[in-house]
Amino acid sequence: MPLSQTDFKIHFTDILQQAAVQVALPDTTVRIELTRTKQASHGDYSCNLAMQLAKSLHKNPREIAQLLIDALPDSPYLEKVEIAGAGFINFFLKIGAKQQIPHIVLQQGSAYGRGNLGDGKKVQVEFVSANPTGPLHVGHGRGAALGASVVNILSAAGYVVASEYYVNDAGRQMDILALSTWLRYLEIFGADLEFPTNAYQGSYVRDMAQLIEEAHGDRYVHPAELLLEHIPAADSDIVIDDEEKLNRLIANTKKILGQDYAYIHNFVLTEQLGDCRNDLMEFGVEFDTWFSEQSLFDGGMVAKAVALLEEKKCLYQQDGATWFRSTDFGDEKDRVVQRANGQFTYFASDIAYHVNKFERGFDQVIDVWGADHHGYIARVKGAINALELDADKLIVALVQFAVLYRDGVKVPMSTRSGEFVTLRELRHEVGKDAARFFYVMRRSDQHLDFDLDLAKSQSNENPVYYIQYAHARICSVIAQWDGDNGLLNDADTDTLTSAIELSLLQKLIDFPDMVESAAKELMPHLIAFYLKELASEFHSYYNASRFIVPEEPVQQHARLALITAVQQVLCNGLTLLGVSAPEKM
RNA sequence: GCGCCCAUAGCUCAGCUGGAUAGAGUACCGCCCUCCGAAGGCGGGGGUCACACGUUCGAAUCGUGUUGGGCGCACCA
C-alpha cells in the first residue's frame, strides 16, 4: 500500500471516501473530514459524514453509517470501526501500527514531522520590516518570533520559503534620524541649539554622533545659524507647527552639508540596520533578503507602478495630488499616491514593492503586519487588483500587540519620548528561549499578556521549562542507561500496550498533522500547545513507569525507544519555534 | 460617527470548516522522593462559553442585534 508511513488520518479519509462514492455518491458538497477523538472509547479518529448526509439522502444517520461501514474497503491499519452516538463513525487504529511509530521517528530523526503539503510551491514571508530609525522594541519581537516560526513551519510542510525584511530607507523618518544625529554631533562641539522634541530622542542617537566625531573629528561642523534659516524664533509672531519646523531643519541640513549629507544619512542607516540585524540574529531570526525601499525609487519602479495605475485609468488629480481610486476596489476611501509637492507616498512605494514581489514569481506572498496596519490591507489588495494581479496570492497575517507585565502590573510604554522596552532588553531579561516561546504561545491575532516574571521563573509554572525539562529528563535517562542506540532501533515495541503508552504513541503520530495544520493556518501556537501536551504525557509516563529495567531487556528497550522518539519530536517541535532543546538544564 | 478584531473557570488562554460529558495552565485544598532529574506526578472543588433573538436533528462555534474592551480611519511610515 502506497502510504506514507504515518498518515493514518489521510488513509482512513481515503477509504471512507471510497465507501462514500459507493453508498452516497451524491452529495459532493460534503467534505469528508476526520478528526482526532477526545476519548479513547471513541476510537482514534472520528467522522460525522453520516450525519451530514442524512438530510440529502433522507435517511437516518446511523443507517447511513452502517452502509458506509459495509462498503469500507479492507485496510491493514484498521482494527475496527464503530457507529456511536447520533451517527459518528469511529475508527480504531491497529495497535501494531501505533507500535511502529518509535521506529519511524527514530529512523526519520529531525525529518519526522516534515510533509509535502506545500509541494515545492514558492512562498515569501516578509516580517518585522521595522523602520531602521532606532532599536527594535518588544512589539517588533512578536512579529519576529511569529514570522520566523511561520518560515520554519512552512518550510517543514514542504514549501520553498524565502524570508524578507523590507527596509524603509527612503522616507522622511530616515531624514529625521540623520538630522537628529547631526544635531547631537554639533552639540559635541558646543553648538547651542534646541533639540526638537519631535526628533529622535534616544541615547543611541548620541552614540552615533560620538562615532562620527571619533572617526571624522570636526569635518561635519557648520555654523548653527545657517540651520535656523527660515525658521521663526520661539518669540516670533510667525508660528509654524513642529512638523513643518522639522521639515525646514531637514531642508537646511541638506543644503548645508551638501554632498556630506549622504554620508550622514548612509552612516546612520548602516548603523541602525547593523544593530537590527545583530539583534535579530541573537534572537534566532535571520532573513534571506533585506530589500531596500530606496532601490525601488532608484530603479524607477515606483514611478512605473504609478504609471501603470494611470494606464489602467485608476488615478485622478485633486488638490494638486494624485489619487488612486481604491474605493473601486473595496477600500473605504481613495488614497494619495503622489503628494502635491511631487513626492510619492509610502503607499506608492508599497505598491511597487508588491508588484516586485509578484514579479519574482512567488505562489504565495505573506506579509506579517502589526494589527494597527489592518487599514492598509484593503488599499494594497486594491492596488494589486487594479494592476490585474492575483490579490488572493497575498495573505496578510496581523499580529496583535504584546503587553508586558511585571509584578502583576503593566509595564508602561510609549513610542514617543523613547520610553519603550527594547527587544534586546527583553532578551537579556528573560532569555531567548522564553521570549521566543512566549511570543508564539498565543494565537497571533489575540492580544498577548507577556508575564515577565513567569517567563523568567525556572519552575514548573513556566511552560518553556516544562517542555525543555521533559527533553532534558529523557536525555538524562538515556545517558544513565548508557546503552547502544542501535538496540533501540531494533527494539521489539509490541510490549507498549498500557493506556499511557498508547496515548503517547498516538501523540507522536499526531505531530506531522499538527505541523500541517500550523502551516495551513499560519499558527505556530498550535505547535506550542502540542508540545505542552506531549511533555505532559511524558511526565505522567515518567512518574508511572521505570525505564531502566535491565532484568526485563525487551520492556526496557521498548520503553527507551518510545521516550527517545518523544525526545526527538520535542526537539523537532521546539526547533520549529526557534527554542533550544537542552540536554541538561 | 464608520470599519476591523475580541468577550470561554478567580487569573492567563486553548477549542470555532456546527457534533458525543466545554478543556489546559495557574491559583486554592489534599497526597507522592530508601526509586531513572520533585524544574515532576496523582486527586479534588471551580462554568448561564458577555447578553438576546434567529438558522438546525444539534450552536462556545454560523447570522442579526445589544453591551463592554482593543485597534484603525493622513498629501506619516
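Lettering follows sequence order; numbering is per chain, from 1.
His539(A) comes within 4.0 angstrom of the backbone, heavy atoms only, and of no base. Base contact: Lys584(A) has a heavy atom under 4.0 Å from a base atom. Residue Ala470(A) is out of contact with every strand shown, counting any heavy-atom pair closer than 4.0 Å. Ser46(A) comes within 4.0 angstrom of a base, heavy atoms only. Using a 4.0 Å heavy-atom criterion, one finds that Tyr346(A) contacts the bases of the nucleic acid, with or without backbone contacts as well. Within 4.0 Å (heavy atoms only), His373(A) reaches at least one base atom of the nucleic acid. Residue Tyr466(A) is in sugar-phosphate contact alone, with no base atom involved, counting any heavy-atom pair closer than 4.0 Å across all strands shown. Residue-level contact check: Gln468(A) touches neither bases nor backbone, having no heavy atom under 4.0 Å from any strand. Asp319(A) comes within 4.0 angstrom of a nucleotide base, judged by non-hydrogen atoms across all strands.
When each of rC75(B), rG37(B), rA20(B) is scored by its nearest atom to the side-chain atoms of Ala340(A), the top-ranked nucleotide is rC75(B). Side-chain atoms of Asn90(A) lie closest to rA20(B) of the nucleotides rC75(B), rA20(B), rC73(B). Between rC42(B), rC71(B), rA39(B), one nucleotide has an atom nearer to the side chain of Ser540(A) than all others, and that is rC42(B). The listed nucleotides are rC36(B), rU12(B), rA20(B); the one nearest the side chain of Ala84(A) is rA20(B). Each of rA20(B), rA14(B), rC36(B) was ranked by its minimum atom distance to the side chain of Gln480(A); first place goes to rC36(B).
Within the shown strands, rC42(B) is the pairing partner of rG30(B) under the Watson-Crick or G-U definition, both distances less than 3.5 Å. Across all strands shown, rU55(B) remains unpaired; no Watson-Crick or G-U wobble contact has both distances below 3.5 Å. Under the Watson-Crick or G-U wobble criterion, with both distances below 3.5 Å, rA60(B) has no partner in any strand shown. The nucleotide rA7(B) finds its pairing partner in rU67(B), both defining distances of the Watson-Crick or G-U wobble pair being shorter than 3.5 Å. Applying the Watson-Crick and G-U wobble criteria (two distances, each under 3.5 Å), rC2(B) pairs with rG72(B). In this structure, rA22(B) makes no Watson-Crick or G-U wobble pair, since no nucleotide meets both defining distances under 3.5 angstrom.
Residues of residues 443-450 of chain A that place a heavy atom closer than 4.0 Å to RNA chain B, in numerical order, are Arg443(A), Asp445(A), Gln446(A), His447(A), Asp449(A). A heavy-atom distance below 4.0 Å to RNA chain B is reached by these residues of residues 397-411 of chain A, ordered by number: Gln400(A), Phe401(A).
A cation-pi arrangement is found for Lys80(A) relative to Phe92(A), the charged atom lying closer than 6.0 Å to the ring centre and inside a 45° cone about the ring normal.
Comparing rC49(B) with rU8(B), their P atoms are spaced 11 Å from each other, to the whole Å. With P as the reference atom, rG15(B) and rU61(B) are 15 Å apart, rounded to whole Å. A gap of 28 Å separates the P atoms of rA60(B) and rG3(B), to the nearest Å. Atom C1' of rU26(B) sits at a distance of 16 Å from the matching atom of rA39(B), rounded to the whole Å. With P as the reference atom, rC75(B) and rU66(B) are 30 Å apart, rounded to whole Å.
Taking the six-membered ring where the residue is Trp, Phe347(A) and Phe324(A) present tilted rings, their angle falling between 30° and 60°.
Ion pair Lys9(A)/Glu33(A) not flagged as a salt bridge, since none of the NZ, NE, NH1 or NH2 atoms sits closer than 4.0 Å to an Asp/Glu carboxylate oxygen.
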Could you write out each protein N or O paired with an N or O of nucleotides 30-35 of chain B at a distance under 3.5 Å?
residue: rC35(B); atom: O2'; partner: Arg546(A); partner atom: NH1; Å: 2.4
residue: rC35(B); atom: O2'; partner: Arg546(A); partner atom: NH2; Å: 3.1

Atom pairs, protein N/O to nucleotides 54-59 of chain B N/O, distance under 3.5 Å:
none

Subject >> Test ring pair (Phe, Tyr, Trp, His ring centres under 6.0 Å) applied to Tyr165(A) and Phe291(A), step by step >> reply: CA-CA 6 Å; Tyr165(A) 187 118; Phe291(A) 192 98; over 10 Å; no

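Pairs passing the side chain to side chain donor-acceptor pair (under 3.5 Å) check and including a residue from residues 523-541 of chain A, sequence neighbours excluded, read Arg473(A)-His539(A), Glu501(A)-Tyr541(A), Ser503(A)-Glu537(A), Lys507(A)-Glu533(A). Residues in residues 168-181 of chain A take part in these side chain to side chain donor-acceptor pair (under 3.5 Å) pairs, two or more places apart or across chains: Asn168(A)-Glu293(A), Asp169(A)-Ser292(A), Arg172(A)-Glu243(A), Arg172(A)-Asn247(A), Gln173(A)-Tyr200(A), Asp175(A)-Lys254(A), Asp175(A)-Tyr261(A).
For the pair His525(A) and rG15(B), the criterion of a side-chain N or O lying under 4.0 Å from OP1 or OP2 is met. OP1 and OP2 of rG23(B) both lie 4.0 Å or more from every side-chain N or O belonging to Lys38(A).
Using a 5.5 Å limit on the distance between ring centres and a 30° limit on the angle between planes, the aromatic ring of Tyr469(A) does not count as stacked on the six-membered base ring of rG37(B).
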